[in-house]
Amino acid sequence: MQFRAGNEMDLTGLNAPQREAVTTLHGPLLVLSGAGSGKTRVITYKVASLIFDHGVSPYRIMALTFTNKAAREMADRIERLIRLPVRGLLVGTFHSICARLLRIEKVMGGNFTIYDTDDQKKIIKGVLDDLNLSDSRSFSPGDVAGRISGLKNRLITPERFDLQIGNVFDEQFASIYRRYEMKKRKSNGMDFDDLLIEALEMITKNDLLRDKYQEKVQYLLVDEYQDTNRVQYELVRQLSNKHRNITVVGDDDQSIYSWRGADLRNILEFEKAFPDAKTVRLEQNYRSTATILDAANAVISRNKARKPKTLWTEGERGDKLEVHYLYNDLEEAREVTRRIRTRGPKSTVIFYRTNAQSRTLEDELRNAGIPYVIVGGLRFYERKEIKDVLAYLRLLVNPADEVSLARIINLPKRGIGDKAYASLCEFAARLQIGPFEALSRLEEALEFTARERTAFSVFHNLCLALSAQRQETDLVSFVQFVAEQSGYLKYLEESEEEQAGERLDNVSEFINAVGEYVERNDSPTLESFLQEVALLTDMDAVKNDTGEQVTLMTLHAGKGLEFDYVFITGMEDGLFPISRAEEEGGLEEERRLFYVGITRARKWAMLTHAATRRRFGTTTSAFPSPFLDELPEHCIRRIDRTGGSTSFALRDKPAAAPLFNEVRENRQAMPSYEHFSQEDGLLRNGMKVQHPIWGKGTVVMVSGLADNMKATIKFQNDAVKKVMVKYAKLEIVGG
DNA sequence: CCCGTCGGTTTTTTT
DNA sequence: AACCGACGGG
């Protein structure tokens, strides 16, 4: 396929650095691209230009993204630029492309099951049971899963971990880790991390495959490079090693996934890893008003671990941002809703730090009749009913998949309870085969009761029947057949559960999704459908800002998107920044998240603090987020609707209507804390205190509540210390 | 084996 | 508040 045409692509719409990035074809290139500076444009133009102007075959270009949505958008935009459908271009997420390579090269027979976090936890739970560690408080499946993932992201195998065992805890953890890997392998399963690791291993250990892919990848482009982890870095390095035409695009200020293993060093030290790298900086912003950028720049400049840069714009000044102090989360939701009601839902997003915060907002929006969509939260493919149907399909494709077998062997009820299943597993272990395989050798077992034996063979026959049907019909009818014949649909229909109807709907929607997949693909197979689906996110369904409805999502989900109007709710210390992130680089990452939030806005943003909030079923109170103090006063208007008496009420107060007539604007730099008198025994910013060891100092920040209250104090010798108020024996000497 | 109840835990973010 | 797993009676 050749696209070389008489006329060249028109690059005059690009600014100078953008054009430089697009026209730098050879060698490593780092594009440091601030928020809203047109990085997607750069990537798409570059790919289009490679194909269109330089006759590069699409088969030789690989573009890696973090979400399927970003991948799809990129492909669309490239096609629009070239005005021709492009075949063969490898665009996708790291995970999906790796899965594809593994399938093509038949790693694990190309027929592995992708385990999500939920499946992963089930395996780990089994491991903990096996090792009698289930009720040791030190290990929860979730924690273990996170820790294992952290190690795998840094390419630390169980064997390597064994070498760094320091205590009994490590030792136990090591055996959990080892056993987890073993079990997973036995099931022919891969977790998310495995997809990357196995692909990396494949091309490092196999010379032929390495040559094949290094040769193939003539041009490699990586989006959101700041979020790559160690494994992804190695992959990128390996794949680009032959032709060395690698373009990475990213913004260290928008790195918000370190908890998932993202290593900021990848971008900060790109020039070290690729000494001949060229760097292009995109700092002109085409999205936001100057006021928004001022605010964002001021906030992010407080971070130390970053490449200094300043966004600028030729656009207008715009309106000041608003910071609202509200009595509680309900008032917060009302205030946000009130604003949206007067202006309409057009191009508006409401951000929050945690998914749990969405409920109150939803309720208010619904009451006000404002249409909204929620993005994120529970993924479609994570719903129980979907995972149940998926488990049937997975088992048929991969009979070794024990997670799926355990899930459905007694769903609907078939008289195979925990005990019966355990004894089947025991029998299987004796024969050194998997439990599913054991079903076909029941006659060799002596230990089963007649009842168990019957139940097992009923289930086994069901599977055989389903399996036989697979060859007979198309994918959609087959899935329908499975849902019916397994008895699962009937089970849902007869369920007394309130959500049963919704669940049935979801199952039909799932079957529709199978249909869409079949239409979309040239050679659809159940195997690849299952693998694709395992990597889908709810985010992939985000419609691009239709303007018809308000969008609700977490700040993390907002990256890469833009809206005219942005609301950031829950600006409370302990919630945002979230309390768990207090130490090390945690605060800087939270600040980057705040920066991402602000820079989503084209025209205007409003930030809200709720003095009290219902969390975990009880009312809790919190100080305003320290981030609110980092906004330059000339960019914002502060509006206090708490009534002026208590900005955060430690006592309960009946939820009153907002006191609109008591609105006070442009208050002094420090909100809220100033309402506290000394007899509250509480510290506030600016207070002078005496510390028994450090002497006199000024409080610069207060965080946490009650016994957890911490104060950051700048002492006379310029030392800044963070102390626990409870223990520090501080004496207030003025302020 | 199945179902109900009780108690403990949860919520940071996601491929 | 909501969800999950453990436990005990039918």
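Order of the sequence lines fixes the chain letters, A, B, ..., with proteins taken first and strands second; residue numbering starts at 1 for each chain.
As judged by a 4.0 angstrom heavy-atom cut-off over every strand, A/Arg359 is placed among residues touching the sugar-phosphate backbone only. Contact annotation for A/Thr117: base contact, defined as any heavy-atom pair under 4.0 Å involving a base atom. Within 4.0 Å (heavy atoms only), A/Asn355 reaches sugar-phosphate atoms of the nucleic acid but no base atom. Note on A/Phe66: only backbone sugar-phosphate atoms sit closer than 4.0 angstrom, heavy atoms only; bases stay farther off.
Look at CG on A/Leu575: it is 11 Å from P on B/dT13, rounded to the nearest Å. Between A/Lys559 atom NZ and B/dT13 atom P there is a gap of 16 Å when expressed in whole angstrom units. Atom CD of A/Gln531 is separated from atom P of B/dT15 by 18 Å (rounded to the nearest Å). Counting to the nearest Å, the C1' atom of C/dC3 and the NZ atom of A/Lys121 are 12 Å from each other. To the nearest angstrom, C1' of B/dT14 lies 13 Å from CG of A/Leu196. Distance, A/Asp118 CG to C/dC3 C1': 13 Å, rounded to whole Å. If you measure from atom CZ of A/Arg407 to atom C1' of C/dC4, you get 14 Å, rounded to the nearest angstrom. If you measure from atom NZ of A/Lys384 to atom P of C/dA2, you get 13 Å, rounded to the nearest angstrom.
A residue-by-residue look at A/Leu593 and A/Arg451 shows that A/Arg451 has its nearest nucleotide of DNA chain B further toward the 5' end.
Side-chain contact between A/Tyr233 and A/Tyr225 is present, with at least one heavy-atom pair separated by less than 4.5 Å. Using a 4.5 Å cut-off on side-chain heavy atoms (C-beta onward), A/Leu64 and A/Leu221 make no contact. Side chains of A/Phe94 and A/Val236 form a contact here, defined as non-hydrogen atoms less than 4.5 Å apart. By the 4.5 Å heavy-atom criterion applied to side chains, A/Lys152 and A/Tyr177 are counted as neighbours. Between A/Tyr213 and A/Leu239 there is a side-chain heavy-atom pair separated by less than 4.5 Å. Counting only heavy atoms from C-beta outward, the side chains of A/Val373 and A/Val550 never approach each other to under 4.5 Å.
Nearest nucleotide to the A/His556 side chain, out of B/dT13, B/dT12, B/dT11: B/dT13. Checking B/dT12, B/dT15, B/dT14 against the side-chain heavy atoms of A/Thr93 singles out B/dT15 as nearest. Side chain of A/Phe616, nearest nucleotide from B/dT10, B/dT15, B/dT14: B/dT10. For A/Thr67, the side-chain atoms get nearest to B/dT15 when compared with the rest of B/dT14, B/dT12, B/dT15. Closest to the side chain of A/Thr354, out of B/dT12, B/dT15, B/dC1, is B/dT12.
In this structure, A/Phe616 has no side chain to side chain contact (heavy atoms under 4.5 Å, CB included) partners at least two apart in sequence or on a different chain.
Comparing the C1' positions of C/dC4 and B/dT13 gives a spacing of 22 Å, expressed to the nearest Å.
Under 3.5 Å, the side chain of A/Trp259 and the base of B/dT12 form no donor-acceptor pair of N or O atoms. In this model, a side-chain donor or acceptor of A/Arg353 finds a partner on the base of B/dT13 within 3.5 Å.
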Polar atoms only, N or O, under 3.5 Å: list the protein pairs with nucleotides 2-7 of chain B and their distances.
unit_1 : atom_1 : unit_2   : atom_2 : d
B/dC2  : OP1    : A/Gly415 : N      : 3.4
B/dC2  : OP2    : A/Asn410 : ND2    : 3.2

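Within a 6.0 Å sphere centred on CZ of A/Arg147, other residues, nucleotides and ligands contribute more than 12 heavy atoms.
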